[in-house]
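First up is the structure itself, then whatever we jot down about it.
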Amino acid sequence: MTQKTLNLELSNDQFADLTNALEDHREYFKKRASEAQLGFGLDTGYWQSRAAEVQELLQLVQGTAKQKQQSSE
C-alpha cells in the first residue's frame with residue numbers, strides 16, 4: 001500500500017477533534033462488527049479489522065504528538 005506523509009501543526013482543540021473523530025470512527029466499525037454477528041452486512045472479521053486499523057492510526061497520532069511534545073520541552 002502506498003504511504004502518505006503528513007506534517008501537521010494542530011491546535012489543542014484541533015488535535016482533540018481529530019482524536020475524537022478517530023475514536024468515533026473506530027466505534028462505528030465495532031458497531032458494524034456486532035451487527036454482522038447478527039447476519040447483517042459484511043463479515044464480522046472485516047469490521048473488526050477496520051476497527052483495529054483505526055485504533056492503530058489513533059495510537060500513531062497520539063504517540064507522535066506525545067513525542068513531539070516531549071522533544072519540545
Side-chain angles (χ1 to χ4, degrees):
M1 177 189 319
T2 304
Q3 293 189 1
K4 308 273 189 267
T5 300
L6 302 174
N7 294 309
L8 302 172
E9 290 189 31
L10 303 173
S11 69
N12 288 336
D13 286 342
Q14 290 171 321
F15 181 75
D17 289 343
L18 176 59
T19 56
N20 287 337
L22 288 170
E23 289 169 347
D24 288 347
H25 199 49
R26 179 197 59 210
E27 294 307 311
Y28 169 81
F29 286 146
K30 286 182 176 182
K31 181 180 177 189
R32 292 293 169 255
S34 294
E35 291 172 353
Q37 289 177 338
L38 301 174
F40 300 109
L42 297 174
D43 175 275
T44 300
Y46 170 80
W47 294 115
Q48 289 173 339
S49 70
R50 292 304 316 267
E53 289 172 2
V54 174
Q55 179 62 35
E56 288 175 23
L57 177 58
L58 179 60
Q59 290 172 328
L60 178 64
V61 167
Q62 291 173 330
T64 301
K66 189 173 186 176
Q67 288 175 352
K68 294 286 184 184
Q69 182 182 11
Q70 289 173 347
S71 67
S72 67
E73 292 177 351

Can you measure from [atom1] ([X]) to [atom2] ([Y]) and round to the nearest 0.5 angstrom?
| X | Y | atom1 | atom2 | result |
| --- | --- | --- | --- | --- |
| E23 | L58 | CD | CG | 5.5 Å |
| F29 | Q55 | CZ | CD | 13.0 Å |
| E35 | T44 | CD | OG1 | 10.5 Å |
| T19 | D17 | OG1 | CG | 8.0 Å |
| Q37 | D43 | CD | CG | 10.5 Å |

Criterion side chain to side chain contact (heavy atoms under 4.5 Å, CB included) on K66 and Q62, from CA distance to verdict: CA-CA 6 Å; K66 189 173 186 176; Q62 291 173 330; over 6 Å; no
Smallest separation among heavy atoms of L10 and L18, with atom names: CD1-CD2, 4.0 Å
Exercise: identify the closest heavy-atom pair between R26 and A51: CG-O, 3.7 Å
N/O donor-acceptor pair under 3.5 Å between S49 side chain and Y46 backbone: yes
Same cluster (ILVMFWY, side-chain, under 4.5 Å), L38 and W47: no
Name of the residue among K31, H25, K30 meeting side chain to side chain contact (heavy atoms under 4.5 Å, CB included) with E27: K30
Pair V61-F15, side chain to side chain contact (heavy atoms under 4.5 Å, CB included): steps then yes or no: CA-CA 9 Å; V61 167; F15 181 75; 3.6 Å; yes
Atom CG of N12 with >12 non-hydrogen neighbours under 6.0 angstrom: no
